[in-house]
Amino acid sequence: MSDRFTAIHMKEQPAEDRRKNFSEVPCGYTEEEAILEANRCLQCKNAPCIEGCPVAIDIRSFIGHLQKREFDKAINKIYEADILPCVTGRVCPQESQCQARCVLDKKGDAVSIGSLERYVADRDLDRRREALKDAPVDVSGKTKVAVIGSGPAGIACAADLNRYGYDVTIFEAFHKAGGVLTYGIPEFRLPKAIVDVEINSLVQTGVKLVPNALTGRSFTIDELMAEDYKAVFVGSGAGLPQFMNIPGENLNNVYSANEFLTRVNLMKAHRYPEYDTPVKHGKNCAVIGGGNVALDVARTAIRLGSEKVYLIYRRSQEEMPARHEEIRHALEEGMELLALTNPVAYHGDESGFLEKIECVKMELGEPDDSGRRRPIVKEGSNFFIEADVCVVSVGSTPNPLIAMTTPLLETTKWGTIKVDDNGMTTMPGVFAGGDIVTGAATVITAMGAGRTAAASMHEYIKKL
Ligand code: FAD
Ligand code: SF4
Ligand code: SF4
């Protein structure tokens, strides 16, 4: 039952079941649940929720259509601003974006905008799968443009450029498209079958996809421009893992989150030996970090069969940047949170394999630049955690390859590419957006940046 102030929560796989499988955790709404939840929306005149959405979806209108069971109108309203609603409805940090601005949030539960978005988008999946049977659209003879990287920024940019009438080619370094949606976010949060529909839909509209094409190594941006690509969009993300530079990081079985998740999500290591790539998950697996990536690693390790999974985080649980829902899910699944704890060294056996992690206890001091209280080491608090695998998830930065091989591209001191308000870089005709510009951020902001850049590329080419 619901009243105006209490949300209908999606049913979820019980923790005991889901810790043994990779299937999606929330089960999605039934039609009746979706309508009940939609009916909580007050259809506010000024709809402050819309300001909370980075791409300004007309939330009030789409929920209004849902209230009247006008499902086609609801999804079309969403598509006006968001071309990946199956994805954003699942992974957006809604509670700090659209839902944080919902008027009901002050008095009770905000309207579950993300869950409603997911419901409407999932309802449209069958129609979209059916449309994939049509032959790909022929775009030959049209003006050529290139997109580097097939994550949300690249997908959104390519889709809009295709709509503007260009012959779009996406060059992707990996053998499979999708960026973090494919290799980072695990199946139990974002089923890969959904990402496949998004990619295949793009290809069906005439966008060409070239896998295993590492820009900066296979070819340079200058070479692309010389091949008559009139404009290039760089959406190559921020996939270079950071480490803490503490002793022992080179020991066997100390992974970066990027490598650990890629082995499982992209190379299907959880189905080894059916697939070629193995991954060591360990009996005792420690994960360093407190963001969504660290939580994804911890929950993956639980599913792979680690007996103990520790999350080592230097601040307190309240300061963890991960979504609250992910933290709740992970704790329910058995992850042990070691808050106010920081690793200082890894210790291995004589063969170079990790055996234990030396940690210190932390306490919180004054707020730092991020506004969060600074963690301070408690002197003399060193202790050891037995761990045969450790996954370091303390952030990532852009890979410097493209900037290094494109002399006219200016970067910031963090290695991100500099752009103007239109998404244009310091090299004429070359645009950029997503994590390569902002540093690690979110799917919806990357998608928004891809769309802004596509509009600017269109204007730029019209003036050539
Ligand atoms: P990416 O998704 O990183 O895509 C970049 C693509 O470019 C990749 O496919 C890469 O292979 C390719 N590439 C890189 N270099 C080259 C090159 N030289 N040549 C050709 N191709 C290249 N965000 C959320 O909103 N919600 C979440 O719950 C969430 N969870 C996350 C969990 C994990 C594990 C990770 C890693 C990130 C998560 N994020 C989440 C962040 C979000 O996924 C990213 O902000 C978003 O994917 C950025 O999109 P992008 O297109 O800029 O880059
Ligand atoms: Fe909310 Fe994200 Fe959907 Fe925007 S895209 S309405 S922020 S869930
Ligand atoms: Fe509906 Fe909340 Fe938006 Fe008002 S603020 S229109 S109640 S979702």
Side-chain angles (χ1 to χ4, degrees), residues 38 40-50 52-57 59-64 78 81-82 84-85 87-94 96-99 101-105 110-118 147-157 170-174 176-186 189-190 210 212-218 234-240 257-258 261 265 291-297 300 322-323 326 393 396 398-399 401-402 405 432-450:
R40 293 177 59 232
C41 171
L42 301 167
Q43 292 290 292
C44 314
K45 222 174 187 174
N46 59 345
C49 50
I50 297 174
C53 171
V55 297
I57 292 180
I59 296 167
R60 182 188 50 198
S61 299
F62 105 72
I63 297 182
I78 297 174
D82 177 359
L84 300 172
V87 176
T88 52
R90 286 172 165 81
V91 306
C92 243
Q94 297 115 14
S96 57
Q97 297 187 336
C98 52
Q99 292 177 196
R101 305 294 293 275
C102 172
V103 292
L104 291 182
D105 195 43
V111 173
S112 307
I113 300 167
S115 301
L116 292 175
E117 183 173 301
R118 169 186 161 162
V147 170
I148 296 168
S150 63
I155 293 174
C157 185
I170 302 182
F171 297 96
E172 166 56 47
F174 277 134
K176 207 163 171 12
V180 170
L181 309 182
T182 296
Y183 75 77
I185 304 178
R189 281 213 295 130
L190 179 61
V210 183
N212 303 313
L214 181 63
T215 310
R217 184 89 24 91
S218 313
V234 183
S236 51
L240 189 69
N258 191 301
L261 289 172
N265 294 326
N292 283 329
V293 181
L295 269 292
D296 281 344
V297 171
T300 298
R323 294 184 62 192
E326 304 307 328
S393 314
S396 57
N399 188 310
L401 183 61
I402 290 181
T405 53
D435 282 6
I436 184 67
V437 168
T438 56
T442 61
V443 169
I444 190 73
T445 47
M447 215 191 70

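Whatever order the structure lists them in is the order used to number ligands and atoms, beginning at 1.
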Keeping [X] on the side-chain end and [Y] on the backbone end, is there a donor-acceptor pair under 3.5 Å?
X    : Y    : answer
S396 : L240 : no
T182 : A177 : yes
E326 : D296 : no
R323 : S96  : no
R90  : R118 : no
S218 : T215 : no

Please test I59 against C98 for side-chain contact (heavy atoms from CB on, under 4.5 Å), starting from the C-alpha separation and ending with a verdict.
CA-CA 9 Å; I59 296 167; C98 52; 3.7 Å; yes
Those atoms of ligand 2 less than 4.0 Å from some heavy atom in D82:
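Here the atoms of ligand 2 in question are 5 (S).
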Need the ligand 2 atom indices (1-based, order shown) with element for anything under 4.0 Å from a heavy-atom of Q97.
7 (S)
side-chain contact (heavy atoms from CB on, under 4.5 Å) evaluation trace for T445 with T438:
CA-CA 9 Å; T445 47; T438 56; 5.6 Å; no
Should [X] and [Y] count as side-chain neighbours, where that means a heavy-atom distance under 4.5 Å?
X    : Y    : answer
I50  : R101 : no
M447 : V87  : no
V180 : I185 : yes
D105 : Q99  : no

To the nearest 0.1 Å, how far is [atom] from its closest protein heavy atom, and which atom is that?
atom                    : value
atom 8 (S) of ligand 2  : Q94 CG, 3.3 Å
atom 2 (Fe) of ligand 2 : C92 SG, 2.4 Å
atom 3 (Fe) of ligand 2 : E117 OE1, 2.1 Å
atom 4 (Fe) of ligand 2 : C53 SG, 2.4 Å
atom 5 (S) of ligand 2  : I444 CD1, 3.5 Å
atom 1 (Fe) of ligand 2 : C98 SG, 2.3 Å

Does ligand 2 have any atom sitting under 4.0 Å from a heavy atom of P54?
yes
For L214 and N212: C-alpha separation, side-chain torsions, deciding distance, then whether side-chain contact (heavy atoms from CB on, under 4.5 Å) applies.
CA-CA 6 Å; L214 181 63; N212 303 313; over 6 Å; no
Give me the protein N, O or S atoms that fall under 2.8 Å of atom 1 (Fe) of ligand 3, sorted by chain and residue number.
C41 SG
Can I63 and Q43 be said to form a side-chain contact (heavy atoms from CB on, under 4.5 Å), step by step?
CA-CA 8 Å; I63 297 182; Q43 292 290 292; 4.2 Å; yes
Table of N or O contacts for ligand 1, cutoff 3.5 Å:
{"residue": "ligand 1", "atom": "2 (O)", "partner": "V180", "partner atom": "N", "Å": "3.0"}
{"residue": "ligand 1", "atom": "9 (O)", "partner": "E172", "partner atom": "OE1", "Å": "2.6"}
{"residue": "ligand 1", "atom": "9 (O)", "partner": "E172", "partner atom": "OE2", "Å": "3.1"}
{"residue": "ligand 1", "atom": "9 (O)", "partner": "G179", "partner atom": "N", "Å": "3.4"}
{"residue": "ligand 1", "atom": "11 (O)", "partner": "E172", "partner atom": "OE2", "Å": "2.7"}
{"residue": "ligand 1", "atom": "18 (N)", "partner": "T215", "partner atom": "O", "Å": "2.9"}
{"residue": "ligand 1", "atom": "19 (N)", "partner": "T215", "partner atom": "N", "Å": "2.9"}
{"residue": "ligand 1", "atom": "19 (N)", "partner": "T215", "partner atom": "OG1", "Å": "3.4"}
{"residue": "ligand 1", "atom": "21 (N)", "partner": "A173", "partner atom": "N", "Å": "3.1"}
{"residue": "ligand 1", "atom": "25 (O)", "partner": "V443", "partner atom": "N", "Å": "3.0"}
{"residue": "ligand 1", "atom": "26 (N)", "partner": "V91", "partner atom": "O", "Å": "2.7"}
{"residue": "ligand 1", "atom": "28 (O)", "partner": "V91", "partner atom": "O", "Å": "3.4"}
{"residue": "ligand 1", "atom": "28 (O)", "partner": "R189", "partner atom": "NH1", "Å": "2.7"}
{"residue": "ligand 1", "atom": "28 (O)", "partner": "R189", "partner atom": "NH2", "Å": "3.2"}
{"residue": "ligand 1", "atom": "30 (N)", "partner": "R189", "partner atom": "NH2", "Å": "3.0"}
{"residue": "ligand 1", "atom": "45 (O)", "partner": "D435", "partner atom": "OD1", "Å": "3.0"}
{"residue": "ligand 1", "atom": "45 (O)", "partner": "D435", "partner atom": "OD2", "Å": "3.0"}
{"residue": "ligand 1", "atom": "45 (O)", "partner": "A441", "partner atom": "O", "Å": "3.2"}
{"residue": "ligand 1", "atom": "45 (O)", "partner": "T442", "partner atom": "N", "Å": "3.3"}
{"residue": "ligand 1", "atom": "51 (O)", "partner": "P152", "partner atom": "N", "Å": "3.2"}
{"residue": "ligand 1", "atom": "51 (O)", "partner": "A153", "partner atom": "N", "Å": "2.9"}
{"residue": "ligand 1", "atom": "52 (O)", "partner": "D435", "partner atom": "N", "Å": "2.9"}

